[in-house]
Amino acid sequence: MEAETPVEPDNSEPVNGGETATGILSESSENGETTYIVSAPGFTATTGGAENTFKIVVDEASGSVKSVEIDTFADTPGIGDAINNVEFFNQFEGLASSDFEVDVQSGATFSSDSVTKAVKTVLESLGK
């Protein structure tokens with residue numbers, strides 16, 4: 001397995017009342033796939049708390065998203081964690097452009113937006 005390459009996160013300047021910007025924390029490549037760990041603000045970050053992080057796997061040949069999953073979750077348990085279901089994450093599979101819209105998970109708008117920001121950040125970093 002190739003060593004993970006740390007990437008300087010783009011989260012140094014607070015925005016929107018304490019919310020921080022989304023940023024790629026690390027990336028690693030293996031077997032034609034690149035795995036990104038991405039930090040993205042959810043509800044908790046708006047009140048000065050921690051950000052969510054997501055593991056996003058991209059197919060290097062097509063530049064499309066293969067999978068998305070929660071790496072660490074900082075939003076409200078029992079509310080925001082409603083995004084942690086297969087149907088929600090399947091919406092991102094196959095995306096190859098940062099110009100997309102997905103359905104938010106009912107009752108978990110901030111957390112849904114957090115995932116969307118993370119995926120868009122990865123695709124934008126690829127010039128998509």
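- Both F100 and V68 are part of a single hydrophobic cluster, where members link through side-chain heavy atoms under 4.5 Å apart.
- Between the OG atom of S64 and the CG atom of L95 there is a distance of 8.5 Å, given to the nearest 0.5 Å.
- Grouping the Ile, Leu, Val, Met, Phe, Trp and Tyr side chains by contacts below 4.5 angstrom, directly or via other members, places V102 with V119.
- E124 contributes atom CD, which lies 4.5 Å from atom OG of S98 (distance to the nearest 0.5 angstrom).
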Any chance you could lay out the side-chain contact (heavy atoms from CB on, under 4.5 Å) test for I37 and I24, step after step, and finish with the verdict?
CA-CA 6 Å; I37 303 298; I24 296 172; over 6 Å; no
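- Hydrophobic clustering, with ILVMFWY side chains joined whenever heavy atoms are under 4.5 angstrom apart, groups I70 together with V122.
- Judged purely by distance below 3.5 Å, without hydrogens or angles, the side chains of T53 and S39 never pair a donor atom with an acceptor atom.
- A heavy-atom distance below 4.5 Å is not found between the side chains of T34 and V57.
- Atom CZ of F89 sits in a crowded spot, with more than 12 heavy atoms from other residues, nucleotides or ligands closer than 6.0 Å.
- Between the side chain of T47 and the backbone N or O of T44, at least one donor-acceptor pair lies under 3.5 Å.
- If you chain together hydrophobic residues whose side chains sit under 4.5 Å apart, F54 and V104 never meet in one group.
- Smallest separation of non-hydrogen atoms from V58 and G63: CG1-C, 3.8 Å.
- A cation-pi arrangement is absent between K55 and Y36 under the rule of less than 6.0 angstrom and at most 45 degrees off the ring axis.
- No donor-acceptor pair closer than 3.5 Å links the side chain of N84 to the backbone N or O of D81.
- Across all their heavy atoms, I83 and S112 have their closest contact at CG2-OG, 3.6 Å.
- To the nearest 0.5 Å, the span separating OG on S67 from CG on N90 amounts to 10.0 Å.
- Put simply, the side chain of T35 does not reach to within 4.5 Å of the side chain of I56, judged on heavy atoms.
- Judged as a salt bridge (charged side-chain N to carboxylate O under 4.0 Å, His left out), the pairs with a partner in residues 57-73 (not counting sequence neighbours) are, in order, E33-K66.
- With S114 as the fixed residue, the side-chain hydrogen bond (donor to acceptor under 3.5 Å, both in side chains) test singles out one of D75, T109, N52: N52.
- Residues satisfying the ring-ring contact (aromatic ring centres under 6.0 Å, His included) test with F88, not counting sequence neighbours, are F92.
- Nearest heavy-atom pair across P41 and T22 is CD-OG1, 3.4 Å.
- In this model, a donor atom of one side chain and an acceptor atom of the other lie less than 3.5 Å apart for Q105 and N85.
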